[in-house]
Engineer: 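Right, I'll just put the structure down here and ask away after.
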Amino acid sequence: MPLTPEPLFTNEGRFDGAVDVVREVFRAEDDGYAVLEVRDDSGDEFIVTGTVAHLSPGERARLTGEWQQHERFGPQLRADTALPLDPEDRAGQVAYLGTLRHIGPVRAEALCNMYGAEVLEKIAKDPPGIYASLPKLGRRQAEAATESWYATRAVRDLHVELAPHGLAHLAAKIHRRFGDRAMRTIREDPYSLIEIEGVGFLRADTIALASDVPPESDRRAQAAAYYLLGEAERRGHTHLAGDALLTEVARLVGHRPEASVITGAPGLIEDGGRVYRQSTLDREVRCAGDLAGRATAESELSHEPGRPDDASLTGEQWQAVARAFSNRVSIVTGGPGVGKTVCTSAIVTEARKARLRIALCAPTGRAARRLAEATGHGATTIHRLLEWRPGSEPTFKPGHPLAVDLIVVDEASMINLHMADVLLGGIGLETHIVFVGDADQLPPIGAGKPFSDLIDAGIVPVTRLTHIFRQAAKSMITTAAHEINQGKSPHLEPAPEQQRDFFFVERHTPARCRDAVVEMVGERVSAGLGLDPIREAQVLAPVYRGEAGINELNNRLQERLNPDGKPAVSERFRIGDRLIQTRNSHELGLMNGTICFLVEDDPDDETAVLETDDGETVIIPYDEAGDLKLAYAISVHKSQGCEIPVVVFVCSRSSSGMLTRPLIYTAITRAREMCVVVGDRPALENGVRRDESGRRNSSLAERLREAAGA
C-alpha cells in the first residue's frame with residue numbers, strides 16, 4: 001500500500017497531508033460545500049472548509065489548501081483538493097469494510113485477521129476470490145459484496161478524476177446516474193454530465209476541452225443547445241426560437257453553428273422555427289390532443305343540477321356548477337373573495353346527489369388539505385392520487401386510468417406541462433375534469449403554463465367569477481389584491497366598514513427593510529395579534545441574496561424567534577426551527593414546499609423528528625436532511641397553494657428587478673388575516689405595472705385550437 005504523505009506546512013501557509021475526518025459540522029444542500037473537523041497524523045485537530053462534502057466521519061483523505069484565520073473560530077484550512085484515501089489502521093479498515101453489503105463489522109474483523117495490514121490491497125487485486133474465501137458467506141452474498149466493493153472504488157476513482165475540475169463532490173451522484181459507465185462517460189462524452197444537477201455546461205465543457213474535444217465540434221455545440229433549452233425550461237419556457245437559440249449557443253462556444261447541427265442533435269427537435277427538447281414537445285402535443293379530444297366530446301354524465309331556490313349561489317357560480325356536468329372539461333377561475341370555494345363545494349354536493357364517483361386533488365399537500373376542509377370530502381395531492389413517484393411510472397396511467405366520474409383539480413395554475421401530461425394520462429377520457437384556480441397568480445414552477453393556455457385557447461367553457469362578496473370586500477387584503485390585478489397601486493387606508501388587515505411599512509434601504517421585518521415578526525405578531533410568530537407568520541421575499549434577502553432574513557429571524565433552541569441535525573438547525581423541504585422525498589412523505597417544525601433530535605441515532613404543518617410526524621435521518629432549509633422567510637413561488645394567517649412581504653427597490661404584478665399579487669393573496677408590505681412605494685408601484693404573466697414560450701394554446709378545429 002502506498003504511503004500517505006506527511007503533513008507539510010510551507011512558508012506560504014499551505015497544508016498538504018493526510019487526515020482522518022472526525023466530525024461533520026455543516027453540509028450544504030447543493031454545491032458540495034461542507035465544514036469538517038479533522039485530525040492529522042500528529043494528532044492535531046482542526047476545521048476544514050470547502051468542497052469536501054463527499055467525505056464522511058471515519059474516512060481518511062489527503063487534503064491540500066490554504067490556512068485562513070476566521071475572526072470567530074480561529075485558524076481553518078480552506079481545502080483546494082480532498083482525495084479519499086484507504087484507512088491504514090485496523091480500526092479504519094474494519095470500519096470501511098463493514099460498510100460493504102453482507103460484510104458488516106464481524107466479517108470485516110475476520111478479513112483483517114485473515115489478510116493482515118494489507119487486506120485492502122489484496123482485496124483490490126482479487127475481490128471475488130477474497131470475499132469467496134470468507135467462511136459462511138454464500139455465493140450470492142459474496143457476489144453482492146464484490147459489487148459493493150467495485151462501487152465504492154469506482155466512486156473513489158471518480159473523485160480523483162473530477163477533483164482537478166472542482167467536481168469531486170458530485171462523484172457519488174455521477175456514479176448513481178451512470179453506474180459502471182461513469183468513468184468511461186467522463187472520458188468519452190463529458191457533455192453527458194450536463195444531465196447531472198450541479199454540473200452545467202461550463203464545467204462539462206472544461207472537462208471536455210481538457211480531454212482534447214475540438215472547440216469547433218458539433219457535439220460541443222449540441223451540448224450547449226441542450227443545456228440552454230434545459231435552462232429555458234427552468235425559467236418556464238417549453239421551447240426557444242431557433243435563431244435565438246443559435247445566438248445563445250454562439251455566446252457559449254465562441255462560434256455560430258449551422259442550424260442543422262442543432263436540430264440534428266439527439267434529444268432536440270425543430271418544430272415550426274421553434275426548438276424543443278424532444279420529451280417536452282411530446283408532452284405538449286399529447287396534452288393538446290388529450291384536452292382537445294375531451295373538449296369536443298359529448299358529456300358522459302346525465303345529471304343536470306337544479307339551480308337552488310335560495311340565493312346561496314350567484315348566477316355565474318351556478319353556471320360553473322352546471323358546466324361541470326355538461327362538459328368533459330371546464331374551468332372556474334377568479335381572484336380572492338369571489339367564491340371559488342363555494343362553487344367547488346356545490347359541485348361536490350351535486351356529484352354526491354347523483355351518486356357519482358368523485359376525486360379532489362391539488363398540486364400541494366397544503367392546498368389539498370384546504371380543499372378537503374372546504375368541501376367535507378377527502379382530497380389529496382396529484383402525486384398521491386395517481387400513485388406517482390417522479391422517476392417512475394404512476395400506477396394510474398394510459399390504459400389503466402382512475403375509476404372516477406368527475407375530478408376537481410384545485411390550484412390548477414400551479415400545474416406545469418409535465419404534471420399536466422401525467423395527470424391527463426391517468427384520467428379516463430370519459431371522466432369530467434374541473435380545473436379551478438386563479439389565472440392571475442404566478443405561473444407554475446417548471447416548463448409551460450397549461451391552465452393559462454387552456455383558458456386562452458377558448459375551446460372549453462371558462463367561468464370567470466367576478467363578484468366580490470360583501471364579507472370578503474370588508475378585507476383590505478381582498479381589495480388590494482384586485483387593485484393590483486388591475487394594474488393599480490393598492491389603497492393603503494381602509495374604506496368605510498373595512499377592517500384594516502393590509503399595511504404598508506415604508507423603508508428605503510435593504511438594511512432598514514430587514515430590521516423592520518424582524519421587528520414586525522419578532523414583536524408585533526405575538527404582542528399585537530396573539531399569534532405564534534414561528535408557526536402562524538410567514539415572511540416572503542423575491543430574492544435570496546442581499547441584506548433583505550431570504551438567506552439573511554432567515555438568519556436574523558432564527559436569532560430573534562428561536563435564540564435558545566438546542567443545536568440539532570449536526571448543528572445546522574435548532575430545536576423549534578421552522579423549516580421547508582426543497583425537493584420531493586416520497587420515501588419520507590415530504591414534498592417540495594412542505595413546511596415543517598423541528599421538534600426532536602437524536603444525535604446518537606442521527607435522526608430528527610419533524611412535525612409538518614398539517615400535523616403529521618416524520619422521522620428523518622441526518623443524511624436525508626440535506627433538502628431542508630430554514631423557512632422563517634421563503635420565496636413567493638414556494639408559498640403558492642397555501643394560506644397563512646400573517647404574511648410579511650419584502651418589496652424593496654434592491655429586488656425591483658424581480659418584482660412583477662403576478663408576484664406581488666400572489667404574495668398578498670397568501671395572507672388570511674393580515675398582510676404587511678415592507679419596502680418603498682416606487683418599488684411597489686413599478687412592480688404592479690410590470691405584468692409579465694404571459695412571458696413564457698408555450699405553443700399549447702395554439703395546438704389546442706388546431707386540434708379542436710377552432
Side-chain angles (χ1 to χ4, degrees), residues 225 227-249 251 270-277 280-281 283-284 287-288 331 333 335 363 411-420 435 437-458 462 464 481 483-489 540-544 635-641 649 651 653 655-669 682-705:
Y227 165 76
L228 288 166
L229 282 169
E231 291 299 294
E233 289 187 11
R234 275 186 274 276
R235 298 193 305 272
H237 304 298
T238 60
H239 63 268
L240 291 174
D243 288 343
L245 178 58
L246 285 173
T247 299
E248 287 297 300
V249 169
R251 180 181 59 81
E270 188 268 343
D271 180 78
R274 299 160 296 198
V275 184
Y276 290 80
R277 290 195 191 196
T280 304
L281 176 62
R283 287 170 185 149
E284 193 170 86
C287 284
I331 289 176
T333 188
E411 296 287 355
S413 65
M414 296 178 64
I415 297 174
N416 62 27
L417 182 65
H418 184 197
M419 184 176 286
F435 292 107
D438 187 343
D440 297 311
Q441 286 189 21
L442 283 170
I445 297 173
K449 47 186 178 70
F451 185 66
S452 176
D453 284 343
L454 186 55
I455 293 174
D456 293 343
V462 177
R464 297 180 184 272
E483 287 169 340
I484 289 168
N485 197 29
Q486 296 164 15
K488 303 174 184 176
S489 294
L540 303 178
V543 297
Y544 281 86
S635 70
V636 180
H637 282 93
K638 291 289 188 184
S639 73
Q640 285 180 273
F649 173 52
C651 189
R653 68 183 65 184
S655 55
S656 58
M658 296 294 294
L659 293 171
T660 64
R661 186 187 304 169
L663 185 135
I664 297 171
Y665 174 81
T666 303
I668 288 173
T669 54
L684 174 63
E685 292 166 356
N686 291 336
V688 168
R689 284 194 291 267
R690 292 176 61 200
D691 182 12
E692 297 186 355
S693 56
R695 295 190 182 182
R696 286 191 171 198
N697 294 341
S698 171
S699 298
L700 180 59
E702 176 187 333
R703 295 185 195 280
L704 285 166
R705 286 189 289 267

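It should be emphasised that the depicted structure is a prediction, and the values quoted were computed from it without experimental measurement.
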Engineer: Determine yes or no for a side-chain-to-main-chain donor-acceptor pair under 3.5 angstrom, with Ser635 supplying the side chain and Lys638 the backbone.
Structural biologist: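 Here the side-chain-to-backbone pair exists.
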
Engineer: Checking Glu233 now: which residues fulfil side-chain contact (heavy atoms from CB on, under 4.5 Å) with it, not counting sequence neighbours?
Structural biologist: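 Partners of Glu233 by the side-chain contact (heavy atoms from CB on, under 4.5 Å) criterion, ordered by chain and then number, come out as Arg277, Thr280, Ala447.
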
Engineer: Could you check if a side-chain atom of Val688 sits within less than 4.5 angstrom of a side-chain atom of Lys488, using non-hydrogen atoms only?
Structural biologist: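 Not touching, per the 4.5 Å side-chain cut-off.
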
Engineer: Please report the closest heavy-atom contact between Pro450 and Ala420, naming both atoms and the distance.
Structural biologist: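 What the structure gives for the nearest pair is CG-CB, 3.9 Å.
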
Engineer: Under 4.0 Å between a side-chain nitrogen and a carboxylate oxygen: does that hold for Arg274 and Glu284?
Structural biologist: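 Answer for the salt bridge query: no.
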
Engineer: As an exercise, state the distance from CG of Leu281 to CG of Leu417, rounded to the nearest 0.5 Å.
Structural biologist: 10.0 Å

Engineer: Would a distance-only check, ignoring hydrogens and angles, find a side-chain to backbone donor-acceptor pair under 3.5 Å from Thr238 to Asn697?
Structural biologist: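 Side chain of Thr238 to backbone of Asn697: a pair is present.
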
Engineer: With sequence neighbours left out, write down each residue that passes side-chain contact (heavy atoms from CB on, under 4.5 Å) with Ala225, or none if nothing qualifies.
Structural biologist: Leu245, Val249, Ile262, Leu268

Engineer: For Arg705, give me all partners under side chain to side chain donor-acceptor pair (under 3.5 Å), at least two apart in sequence or on another chain.
Structural biologist: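 Listed in chain order: nothing, the list is empty.
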
Engineer: Counting distance only, does the side-chain N/O of Thr333 pair as donor-acceptor with the main-chain N or O of Gly437 below 3.5 Å?
Structural biologist: yes

Engineer: By side chain to side chain donor-acceptor pair (under 3.5 Å), which residues pair with Asp438, not counting sequence neighbours?
Structural biologist: Tyr665

Engineer: Could you tell me the separation between the CZ atom of Arg283 and the CG atom of Leu700, rounded to the nearest 0.5 Å?
Structural biologist: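 Those atoms lie 13.5 Å apart.
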
Engineer: How long is the straight-line distance from OG of Ser698 back to CG of Asn416, given to the nearest 0.5 Å?
Structural biologist: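 Going from CG on Asn416 over to OG on Ser698, the span is 11.5 Å.
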
Engineer: Under 4.5 Å between any side-chain heavy atoms of Pro444 and Arg696, yes or no?
Structural biologist: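 They are in side-chain contact.
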
Engineer: Quick one, Leu684 with Ser489, criterion side-chain contact (heavy atoms from CB on, under 4.5 Å). Give me CA distance, side-chain angles, the key distance, then yes/no.
Structural biologist: CA-CA 8 Å; Leu684 174 63; Ser489 294; 5.6 Å; no

Engineer: Mind checking ring pair (Phe, Tyr, Trp, His ring centres under 6.0 Å) for Tyr276 and listing every partner two or more places apart, or none if nothing turns up?
Structural biologist: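 For Tyr276, the residues satisfying ring pair (Phe, Tyr, Trp, His ring centres under 6.0 Å) (neighbours in sequence not counted) are His239.
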
Engineer: Quick check: closest heavy atoms across Pro542 and Ser655, and the distance to 0.1 Å?
Structural biologist: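 Between these two residues, the closest heavy atoms are CG-OG, 3.6 Å.
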
Engineer: Hey, could you give me the CD1/CG distance between Ile664 and Leu659, rounded to the nearest 0.5 Å?
Structural biologist: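 Answer for the CD1-CG pair, Ile664 versus Leu659, is 5.0 Å.
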
Engineer: Only one of Leu240, Leu229, Leu228 passes side-chain contact (heavy atoms from CB on, under 4.5 Å) with Val275; say which it is.
Structural biologist: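 When Leu240, Leu229, Leu228 are each tested with Val275, the side-chain contact (heavy atoms from CB on, under 4.5 Å) holds only for Leu229.
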
Engineer: Any idea which heavy atoms bring Leu704 and Cys287 closest together, and the distance?
Structural biologist: CD2-O, 4.3 Å

Engineer: So Glu411 and Gln441, do their side chains get closer than 4.5 Å, heavy atoms only?
Structural biologist: yes

Engineer: Distance-only, no hydrogens or angles: does the Thr666 side chain make a donor-acceptor pair with backbone N or O of Leu442 under 3.5 Å?
Structural biologist: yes

Engineer: What closest approach, in Å, do Phe649 and Ala667 show between heavy atoms, and which atom pair accounts for it?
Structural biologist: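 Where Phe649 meets Ala667 most closely, the heavy atoms are CD1-CB, 3.7 Å.
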
Engineer: Taking side chain to side chain donor-acceptor pair (under 3.5 Å) as the test, write out the residues that go with Glu685, two or more places apart.
Structural biologist: none

